[in-house]
Amino acid sequence: MNLILNIDTSLETAVVNIADNGIVIVEKLNPHQKNHSAFLENGINQILQKTGIQLDDLSAIALVAGPGSYTGLRIGMASVKALCYALQKPLILLNKLEVLTTAALKQKAEIAESSLFCPMIDARRMEVFTAIYNHKLEAIMPPGALILEKNTFDETLEQNQMLFFGNGA
């Protein structure tokens, strides 16, 4: 067994789940952004109890480390660092833009290999955290903050089909 506890507190909905060899076996969601700190420990305990898995059984702990809500990221990072230190387990940090793109790639099997993927996370005031990836998850435009303007993607769209997704799209 290769059990990984996955934690994401980066956006509005917090998620904790356990995956066995990459397959999610149990998951708990919290849609209340202002409540991630109260949810996290309780959510972890609930999924452990539901599966009978002990913290010592975990191979590693993975955390979405951003971009996203500063407060949400702090909550996740503090909790996960404490867990990893106490359990002496490896910490795996994930980029939210890559996580979103991986999910889009899995859902869109019929899209041409030449298509580009543009995850967007709302950073407010017409600014987004974004990147552009190809079908191999290679960054065509590296992750960063971008102020959206009317013609921001015109040049790229002239030559490519591009999918936009995320709460900033």
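Just so you know, these numbers come straight off a predicted model, no measurement behind them.
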Mind checking whether [X] and [Y] sit in one hydrophobic cluster, side chains of I, L, V, M, F, W, Y counted as touching below 4.5 Å?
X	Y	answer
I140	V128	yes
L48	L40	yes
L146	F129	no
F39	L29	no

> Does any pair with a residue in residues 114-131 pass salt bridge (Lys or Arg N to Asp or Glu O under 4.0 Å), and if so which ones, sequence neighbours excluded?
Replying inline: none
> Which residue pairs pass the salt bridge (Lys or Arg N to Asp or Glu O under 4.0 Å) test with at least one member in residues 30-55, sequence neighbours excluded?
Replying inline: none
> Does the side chain to side chain contact (heavy atoms under 4.5 Å, CB included) test come out yes or no for N30 and N35, once each step is laid out?
Replying inline: CA-CA 8 Å; N30 177 40; N35 192 18; 4.0 Å; yes
>> Quick test of your reading: applying ring-ring contact (aromatic ring centres under 6.0 Å, His included), list the pairs with at least one residue in residues 134-169, sequence neighbours left out, ordered by first then second residue.
In response: F153-F164
Let me confirm one number: the [atom1]-[atom2] distance from [X] to [Y], rounded to the nearest 0.5 Å.
X	Y	atom1	atom2	result
T71	H36	OG1	NE2	10.0 Å
F117	I132	CZ	CD1	12.0 Å
I44	L55	CD1	CG	7.5 Å

Kindly give the heavy-atom pair with the smallest separation between [X] and [Y], and that separation in Å.
X	Y	result
T13	P31	OG1-CA, 3.9 Å
G168	L148	O-CD1, 4.4 Å
S10	P67	CB-O, 4.0 Å
L11	G68	CD2-CA, 4.2 Å
P119	A131	CD-O, 3.4 Å

> Which pairs count as side-chain hydrogen bond (donor to acceptor under 3.5 Å, both in side chains) when at least one residue sits in residues 141-154, sequence neighbours excluded?
Replying inline: none
> Tell me the side-chain hydrogen bond (donor to acceptor under 3.5 Å, both in side chains) pairs involving residues 155-169, sequence neighbours left out?
Replying inline: E12-N167, S115-Q161
Any [X] side-chain heavy atom under 4.5 Å of [Y] side chain:
X	Y	answer
L63	I92	no
I121	T130	no
I7	T9	yes

What donor-acceptor contacts under 3.5 angstrom involve side-chain atoms of residues 95-105, with partners at least two apart or in another chain?
unit_1	atom_1	unit_2	atom_2	d
N95	OD1	L97	N	2.7
N95	OD1	E98	N	3.2
K96	NZ	D8	OD2	2.4
T101	OG1	L97	O	2.8
T102	OG1	E98	O	2.8

> Looking at residues at least two apart in the chain, or sitting in another chain, which of them share a side-chain hydrogen bond (donor to acceptor under 3.5 Å, both in side chains) with N42?
Replying inline: Q46
>> Run the side-chain hydrogen bond (donor to acceptor under 3.5 Å, both in side chains) test against E138 and tell me which residues pass, sequence neighbours left out.
In response: N134
Atom pairs and distances, side-chain donor-acceptor, residues 72-89, under 3.5 Å, sequence neighbours left out:
unit_1	atom_1	unit_2	atom_2	d
S79	OG	I75	O	3.0
K89	NZ	D56	O	2.9
K89	NZ	L58	O	2.7

>> Through direct or indirect side-chain contacts below 4.5 angstrom among Ile, Leu, Val, Met, Phe, Trp and Tyr, which residues connect to I147?
In response: none
>> Please determine whether side chain to side chain contact (heavy atoms under 4.5 Å, CB included) holds for the pair L116 and L163, giving the CA-CA distance in whole Å, both sets of side-chain angles, and the decisive distance to 0.1 Å.
In response: CA-CA 6 Å; L116 299 178; L163 295 130; over 6 Å; no
Contacts table for residues 14-27: side-chain donor-acceptor under 3.5 angstrom, sequence neighbours left out:
unit_1	atom_1	unit_2	atom_2	d
N17	OD1	N6	ND2	2.7
N17	ND2	E27	OE2	3.4
D20	OD1	N2	N	3.4

>> Checking K28 now: which residues fulfil salt bridge (Lys or Arg N to Asp or Glu O under 4.0 Å) with it, not counting sequence neighbours?
In response: none
